[in-house]
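These notes concern the structure reproduced below.
First the proteins, then the strands, lettered A, B, ... as listed; each starts at 1.
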Amino acid sequence: MTTATPIPPYDPAELEPRWRQRWDVDELYRVDNDDPREPYYFLTMLPYTSGDLHIGHWYAISPSDTAARWLRMQGKNVLFPLGYDAFGLPAENAAINNNTHPKQWTYNNVEAMTRQMKTMGASFDWSREFATSDPEYYRWTQWWFLKLYEHGLAYRGSADCNFCPGCGTVLANEQVNRNDEGIGVCERCESIVEAKQMEQWMFRITNYADELLEFDGLDWPEPIKLMQRNWIGRSEGAEISFPLGRTIGGEDRITVFTTRPDTLFGCTFMVLAPEHPLVAELTSADRRVEVEAYIEQARRQNEIERQSTKREKTGVFTGAYAKHPFTGDDIQIWIADYVLLTYGTGAVMGVPAHDERDFAFASERGIDIPVVIAPPDWDGQSLAEAYTGPGRMVNSAQFDGTDWQDGKLAVADALDEIGLGGRTVSYRLRDWLISRQRYWGAPIPMIYCESCGTVPVPEDDLPVLLPDDAEFLPTGASPLARHEGFVNVDCPVCGEAGRRETDTMDTFMCSNWYMYRYVDPHNHDAPIGAELADQWLPVDTYTGGAEHAVMHLFYARFFAKAARDMSVLSIDEPFAKLFNQGTITKDGAKMSKSRGNVVNPDEWVGRYGADTVRLYLMFLGPWEAGGDWDDSGISGQWRWLNRVWNLALEPVDSGTEHADAIRRATHRMIGKVSDDIARFRFNTMIAAMMEFTNELQAIREQGTVDAAAWREAIDALLLCLAPSAPHITEELWQQTGHSGSIHEQRWPEFDESLARAETVTVVVQVNGKLRDKLDLPLGTSQQDAEAAARDSERVLAQIAGKTLHRVIWVPDKLLNFVAN
RNA sequence: GCCGGGAUGGCGAAAGUGGUAGACGCGGCGGACUUAAAAUCCGCUGGCCUUCGGGCCGCGGGGGUUCGAAUCCCCCUCCCGGUACCA
């Protein structure tokens with residue numbers, strides 16, 4: 001070793017803040033819209049202002065920043081912004097617990113998080129930062145609401161809502177999870193959700209159900225696409241009407257939805273949801289007591305036991321009958337709580353032979369179970385269980401012999417002809433309920449007037465400001481409703497006294513459009529200017545957790561399409577490429593304050609510096625897999641950065657040796673790192689650079705090295721490492737005699753011809769088992785390789801006494817003797 | 001139940017198209033430096049057996065295809081995520 005003069009130690013505590021300040025002063029990451037380079041929009045999901053920045057934020061952001069920096073070195077004009085999702089319940093809950101105002105709590109957190117976030121050295125353009133609770137921002141959230149209202153995409157309607165008693169507000173369907181017993185619980189506080197009929201604001205996301213099923217041209221993970229498709233739950237089938245023979249409640253028929261119209265002739269009963277509007281009038285006098293008791297019991301256990309799929313199929317007969325649309329046979333009308341009012345038509349036809357639930361229901365009640373789709377080798381006997389597979393129609397009059405698939409269409413079309421049904425499509429997706437009976441959100445900009453009805457707040461009056469002095473403790477009613485100063489307002493149309501809408505919007509409305517605002521964050525005339533929108537949108541790459549598959553990511557897609565149809569944007573989709581990173585855990589469990597297993601990044605940054613922490617998070621494993629934070633591993637990255645430091649700064653014995661070996665290692669490293677970073681394989685990218693430093697160190701041990709090749713090697717290493725470890729590489733770039741920021745340099749060019757080795761290791765197998773390895777010149781012929789292999793004692797010993805049947809030859813790789 | 005994803009050393013993990021399993025790192029062991037420790041550097045590190053040449057076994061389990069399987073096919077177990085009477 002030739003450390004004649006000692007080099008200064010690697011001191012991240014000194015160098016990291018110094019460089020961050022310098023970049024700040026130089027506005028290194030300020031994005032210029034007029035930059036002629038190709039624009040690239042790289043976005044990571046905006047964090048919620050929870051206050052405590054934990055290592056999970058770093059896990060999400062470090063690789064994103066690395067990719068964004070790499071794209072810049074590729075010559076792109078990269079927009080990489082950050083802001084805060086700031087409205088929402090935790091702010092209120094924390095405020096209640098700490099006796100501070102949600103606004104104060106939120107903005108304190110914004111400040112603290114920004115301070116912490118900045119220690120990462122991420123290349124965010126902070127001049128575009130905002131919080132969704134900024135009046136200047138939610139003014140436009142309200143503007144979007146007005147647009148949606150104007151275009152008939154926002155409406156107020158009575159709906160069976162999911163009410164969370166814990167949060168004191170209604171929730172969207174997507175915000176209700178199932179617990180282990182299958183009971184609906186609040187996504188946030190896990191309280192059991194109650195059903196409540198309420199007048200609420202909704203968005204017509206169902207208008208876009210079919211378009212949302214399309215993912216053409218999107219580079220999205222398959223599992224997310226699948227989850228969205230399942231959530232939409234499109235199923236093709238038929239509507240079938242069963243005439244009642246009289247008019248009840250204005251209806252002369254009951255309509256069911258089915259995916260199996262081919263089984264219509266096997267229908268022996270029908271079942272309505274207990275809440276079905278016709279039930280009361282249908283019920284015969286002698287059945288009334290029983291039916292009402294059943295409805296009452298179903299309502300009581302609502303949502304709770306009713307969700308369990310395993311329990312017995314209960315139900316009661318209404319005493320009423322409908323007529324089979326083809327045969328005219330009497331069909332008993334039952335009610336049962338396994339039929340849901342919210343899906344299809346709230347009524348189903350009972351075909352016990354070909355539906356498992358109907359079979360269970362019918363066999364317990366002695367209802368006929370006629371077979372109408374013949375199972376394979378069917379002998380005409382009755383069935384022991386429901387048969388739901390393919391087959392030909394039987395006992396189905398003119399349809400006998402028809403294949404079930406053809407039968408589905410044929411029956412639907414025949415019903416269409418007689419006016420009793422036809423083909424139709426049903427969806428599981430419901431409209432998105434956005435009203436929230438909470439304080440800390442964007443007020444819905446509507447006014448109710450005695451004479452004018454529901455009136456939108458005029459655009460010029462936006463924002464409808466959230467009053468600071470509201471009593472925000474949750475009661476189930478909107479806190480704003482008790483604020484007289486807020487509620488009372490003159491009707492903008494007639495000037496008479498009106499009342500404001502007092503619900504606020506679901507915070508997912510705020511995150512529906514934040515990616516557009518970054519593009520034009522200071523626009524006072526519009527949420528986003530058309531020109532800048534065309535320049536930057538859609539987002540090229542979006543990274544974030546998979547937990548928003550059917551919430552944020554789904555809503556945002558709907559919103560983009562709505563914005564397009566309202567002629568505000570001209571994109572079909574908000575995110576061209578989506579990448580889901582995994583979750584970082586501690587001791588195998590999700591980090592949470594209540595578990596007390598939150599890893600604070602500040603502690604580790606203080607100990608090793610930001611670059612080490614960034615590298616360690618990326619080195620843990622594949623980004624999409626997530627990982628467990630283990631304190632002991634981080635020292636590896638620290639040691640390695642110290643080795644890089646020394647390698648770059650320690651003088652070498654200059655000469656002319658090993659030039660080829662150094663260049664080969666250099667270009668192999670450049671090739672591997674370039675490849676990995678493009679595929680977001682940050683763990684193997686770092687491993688490749690580590691391998692490279694190991695090689696350089698080994699070469700240096702062997703004596704003098706070619707000065708030019710060595711210099712190229714160190715430059716390449718620093719450039720390749722710059723996106724991942726921005727501080728140390730900037731320092732070393734300067735100390736090794738360069739001028740200008742390393743982060744404004746071009747990514748090193750990979751030269752494949754320099755990376756190629758002149759010899760390769762050829763593996764020699766006998767019957768597929770490794771027996772020897774040969775070092776042979778690249779491009780050695782099979783003949784020469786075989787000759788070399790036959791010189792090997794170990795190979796000969798294995799072939800001895802055997803007959804050679806075949807020789808498998810994979811050039812420059814493998815030679816396999818097949819013998820026995 | 002259904003739909004996705006996964007299981008590789010003591011640990012985190014590598015292995016684009018079937019072709020040297022365990023790269024890289026942590027931890028461990030041994031050595032150098034030091035009065036000593038830390039730090040750093042060097043060597044070894046999947047298991048079992050070994051006459052020290054090597055041999056056998058090893059990618060959740062069991063079958064199969066193939067000259068050759070972590071990788072392809074079939075069956076099974078377990079773990080994680082989604083969904084759940086959707087007609």
Side-chain angles (χ1 to χ4, degrees), chain A residues 1 9 177-178 182 184 221-227 229-231 233-235 237 256-260 263 270-271 306-311 313 336-340 342-351 355-358 360-361 426-429 546-547 549-550 582-583 615-616 619-622 624-637 639-640 642-643 646 672 675-676 679 681 683-694 697 701 761-773 793-794 797 805-810 813-820:
Chain A
M1 196 119 352
N177 287 339
R178 300 280 153 191
E222 284 304 323
I224 299 285
K225 293 196 270 188
L226 195 74
M227 279 159 74
R229 285 197 195 100
N230 289 342
W231 190 259
R234 182 183 200 272
S235 48
V256 302
F257 171 76
T258 180
T259 55
R260 295 296 306 275
T263 65
M270 63 191 307
V271 187
R306 212 174 144 177
Q307 301 290 344
S308 170
T309 55
K310 284 157 211 120
R311 77 195 230 288
K313 301 276 174 280
D337 61 10
Y338 76 85
V339 176
L340 308 174
T342 50
Y343 184 77
T345 61
V348 303
M349 64 177 192
V351 184
D355 180 278
E356 278 162 35
R357 288 158 312 184
D358 296 343
F361 192 83
S426 189
Y427 299 88
R428 206 188 84 109
L429 180 68
E547 65 273 19
V550 291
T583 314
L615 284 176
Y616 180 53
F619 188 69
L620 277 180
E624 66 271 24
D628 198 59
W629 174 271
D630 174 12
D631 297 355
S632 66
I634 193 169
S635 58
Q637 304 304 315
R639 280 179 212 155
W640 181 59
N642 274 282
R643 282 207 294 278
N646 293 331
K672 175 74 175 150
D675 215 53
D676 282 348
R679 295 187 302 145
R681 302 299 294 229
N683 56 331
T684 50
M685 168 195 78
I686 293 168
M689 289 188 280
M690 287 177 156
E691 214 172 336
F692 180 55
T693 53
N694 290 346
Q697 224 145 10
E701 296 299 320
T761 305
V762 171
V763 171
V764 185
Q765 298 181 336
V766 176
N767 292 329
K769 286 198 173 208
L770 177 74
R771 293 302 170 187
D772 207 351
K773 297 175 190 180
E793 297 273 339
R794 300 175 55 196
H805 293 288
R806 258 175 93 179
V807 178
I808 310 284
W809 168 243
V810 183
K813 240 182 187 160
L814 172 139
L815 191 62
N816 186 11
F817 294 100
V818 185
N820 66 14

So which nucleotide from B:C85, B:A14, B:G19 ends up closest to the side chain of A:Val810? B:G19
Rounded distance (Å) that lies between atom C1' of B:G12 and atom CG of A:Leu615: 15 Å
Short side-chain N/O contact from A:Arg357 to OP1 or OP2 of B:G1, under 4.0 Å: no
Nearest to the side chain of A:Leu770, heavy atoms from C-beta on, is which of B:C86, B:U20, B:A23? B:U20
Round to a whole Å and report the spacing from CD1 of A:Ile808 to C1' of B:C67. 4 Å
Determine the contact category for A:Val348: base if any of its heavy atoms lies under 4.0 Å from a base atom, sugar-phosphate if only primed atoms, P, OP1 or OP2 are that close, otherwise nothing. base
Assigned partner base of B:A69, Watson-Crick or wobble definition, under 3.5 Å: none
Criterion side chain to side chain donor-acceptor pair (under 3.5 Å) on A:Asn642 and A:Trp640, from CA distance to verdict: CA-CA 5 Å; A:Asn642 274 282; A:Trp640 181 59; over 6 Å; no
It should be established whether A:Asn816 places a side-chain nitrogen or oxygen under 4.0 Å from OP1 or OP2 of nucleotide B:G19. no
For A:Glu691 and B:A15, what is the distance between atoms CD and P respectively, to the nearest whole Å? 12 Å
From CA spacing to verdict: side chain to side chain donor-acceptor pair (under 3.5 Å), A:Tyr343, A:Ser235: CA-CA 11 Å; A:Tyr343 184 77; A:Ser235 48; 2.9 Å; yes
I want to verify a distance call: between B:U20, B:A87, B:G19, whose nearest atom is closest to the A:Thr259 side chain? B:A87
To the side chain of A:Thr684, which of B:C85, B:G19, B:A15 is closest? B:A15
Are A:Arg806 and B:G68 close enough that a side-chain N or O sits under 4.0 Å from OP1 or OP2? no
Please tell me if A:Arg428 has a side-chain N or O lying less than 4.0 Å from either OP1 or OP2 of B:A87. no
Glycosidic conformation of B:G62, syn or anti, with 90° from 0 as the boundary? anti
Would you state whether a donor and an acceptor, one from the side chain of A:Asp628 and one from the base of B:G12, lie under 3.5 Å apart? no
Decide, yes or no, whether a salt bridge links A:Asp676 with A:Arg679 under the criterion of side-chain N to carboxylate O below 4.0 Å. yes
For B:G30, does the glycosidic angle fall within 90° of 0 (syn) or outside that (anti)? anti
Which nucleotide wins on minimum distance to the side chain of A:Arg771, given the candidates B:C26, B:A23, B:G55? B:G55
Distance criterion of 3.5 Å, no angle test: do you see the side chain of A:Glu793 paired donor-to-acceptor with the base of B:G53? no
Under 4.0 angstrom, heavy atoms only, what part of the nucleic acid is A:Arg229 near: base, sugar-phosphate, or nothing? nothing
Under 4.0 angstrom, heavy atoms only, what part of the nucleic acid is A:Leu814 near: base, sugar-phosphate, or nothing? base
Nucleotide of B:U20, B:G4, B:C86 approaching A:Lys773 most closely (side-chain heavy atoms): B:U20
Taking only side-chain N and O atoms of A:Arg639, does any of them lie within less than 4.0 angstrom of OP1 or OP2 on B:G25? no
Show, in sequence, the C-alpha distance, side-chain angles and deciding distance for A:Ile686 and A:Gln637, and conclude whether the side-chain contact (heavy atoms from CB on, under 4.5 Å) test is met. CA-CA 10 Å; A:Ile686 293 168; A:Gln637 304 304 315; 3.9 Å; yes
Working note: A:Met685 + A:Lys672, criterion side-chain contact (heavy atoms from CB on, under 4.5 Å); need CA distance, chi angles, decisive distance, verdict. CA-CA 7 Å; A:Met685 168 195 78; A:Lys672 175 74 175 150; over 6 Å; no
note: A:Asn694, atom CG; B:G43, atom C1'; distance rounded to Å ~ 14 Å
Looking only at side-chain N and O atoms, does A:Lys769 come under 4.0 Å of OP1 or OP2 in B:C57? yes
From the list B:G4, B:C67, B:C24, which nucleotide is the closest neighbour of the side chain of A:Met690? B:C24
